[in-house]
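Reminder, nothing fancy here: chain letters follow the sequence lines and each chain counts from 1. Side-chain atoms are counted along with the backbone in the values below, which use heavy atoms only and exclude waters and symmetry mates.
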Amino acid sequence: MFTKDMKMADLIHKNYLLLSIISRFGIPLGFGDKSVEEVCNDYKVNTYFFLDIVNSCSYESYFTDVQHKHFSIVSIVSYLRKTHKFYNDQIVPEIQCLITNLYQNCFQQKDNVKLLFNFFEEYKNELLIHIKREEDIVYPYVLDIEKAYETKKISKELTEQMKNYSIKDYLNEHSDIEEKLLDLKNLIIKYLPPTSDFKYRNKVLVKLFQLEKDVNDHSSIEEKVMAPKIFDMENFLFSHFSIVKLNIDDE
Amino acid sequence: MMSKLKFIIADKSFLVRRGLVCTIEEFESFEVVRELDNEKSLFKAIAKLSPDFVIINLNFYKSLRLKEFNSLTKKNKTKIIKLIDKNKDDVFFNETDYYIDINDSKSNIINQIKDITEQFLKSEKTSKNSILSNREKDVLRHIALGLTNKEVADKLFISIHTVVSHRKNITKKLDIHTVSGLTIYAILNKIIDIESSKS
Ligand SMILES: [Fe+2]
Ligand SMILES: [Fe+2]
């Protein structure tokens with residue numbers, strides 16, 4: 001497991017997939033032999049939050065074993081937003097571009113590669129909708145909850161909102177966005193007949209594996225870090241302000 | 001060579017039994033090992049022959065000591081197919097029950113038997129084989145064209161339950177989980193063509 005006294009450079013040597021994650025924190029390369037804590041302080045990043053993220057991306061059982069709580073919803077949401085941005089602006093366009101290259105470079109299977117391109121487009125749209133819902137509704141809500149919890153003041157709007165929507169509903173509706181990715185991988189590995197092009201077919205796959213892992217890690221931060229914190233704060237607010245949740249099932 | 005699937009048929013009517021024997025023995029891999037015109041000797045026959053299937057008249061079935069019967073069939077891994085008369089028998093079926101309606105057409109009865117035995121064979125050997133059976137290809141074709149489970153069931157004259165279980169097997173064999181993924185698989189394997197997938 002990674003700790004605050006380790007060298008930042010060693011993290012990347014251990015798990016190079018952390019590269020894109022470290023960039024999301026706004027930390028550039030070139031940190032010499034500085035420790036994790038020193039680098040985090042240099043760039044005003046919460047060390048504990050940083051460690052939770054890099055550990056959870058590197059050790060599967062991390063969230064069930066240990067977890068720090070010394071960081072705010074503000075920092076979580078800001079990281080989650082940066083991750084969304086990484087999907088939208090970087091890795092998704094990269095994959096589209098690679099599939100296009102694959103299309104241009106193969107002589108047979110063109111029609112079939114086109115199908116895969118469209119399939120990925122479908123996935124992209126699903127992902128966009130998922131992200132938009134979180135950025136427009138869920139993240140603003142959790143930020144409001146944290147604010148109300150800290151100031152012990154609650155607005156009328158938020159009271160109303162809490163009656164109808166809580167983080168539990170988010171967990172229930174939080175959809176599985178990895179299924180299509182899994183399918184696409186299998187279609188390329190197992191079912192698309194051999195192509196004359198090896199290079200782009202492999203590159204597409206490597207990127208798909210990366211995206212899949214990142215989406216998985218991202219979802220566990222939403223579900224296992226953000227949601228439980230909000231759940232506790234909500235419970236406090238429900239009792240402190242005597243808010244009663246409307247139960248739609250009772251109608 | 002695979003050994004044949006063994007059937008016992010229990011019904012009072014000679015004609016019904018003969019009809020069933022003929023239908024079942026049309027399948028090369030099936031064999032009827034005993035015909036019974038009453039339920040009394042059924043326990044003995046199952047214990048002795050340990051058949052894979054017992055096709056039993058619903059009234060016979062109702063008069064059995066069920067607890068004993070169930071433990072015996074469980075021990076021998078025998079599956080029960082109830083023989084019903086939809087015009088007379090007023091019954092509600094569990095989707096998991098196997099049954100044959102004596103009023104059904106020949107092709108329906110054959111399909112029904114095929115489905116039941118296919119499910120049985122699948123549960124028997126946990127096959128690593130990823131090749132789809134013809135029946136599964138039929139189901140896949142319709143799913144890929146966008147039909148719902150109910151519509152597929154109606155088209156193929158099988159129960160929704162059977163469609164669902166085929167779907168599970170298809171997904172497990174292919175490791176493809178979404179409908180659009182299945183559609184592409186179906187096109188790549190020429191189970192459907194691109195044009196029909198658009199409609
Ligand atoms: Fe998200
Ligand atoms: Fe999400």
Does any heavy atom of chain B fall under 4.5 Å from the side chain of A:L184, the backbone, both, or neither of them?
neither
Does atom [atom1] of [X] have more than 12 heavy-atom neighbours, drawn from other residues, nucleotides or ligands, at distances under 6.0 Å?
| X | atom1 | value |
| --- | --- | --- |
| B:K75 | NZ | no |
| A:F231 | CZ | no |
| A:F198 | CZ | no |
| B:E28 | CD | no |
| A:K82 | NZ | yes |
| B:K12 | NZ | no |

Part of B:I176 within contact of chain A (heavy atom distance under 4.5 Å):
both
Heavy-atom nearest pair, B:G181 first then A:F119, reads N-CE1, 3.4 Å
What pair of heavy atoms forms the shortest contact from B:L188 to A:Y191, and how long is it?
CD1-O, 3.6 Å
Hydrogens and angles aside, do A:E179 and B:T178 bring a side-chain donor and acceptor to less than 3.5 Å of each other?
no
Between CG of A:D183 and CG of B:D175, what distance do you get to the nearest 0.5 Å?
8.0 Å
Approximate separation, where rounding is to 0.5 Å, of A:N186 CG and B:H177 NE2
7.0 Å
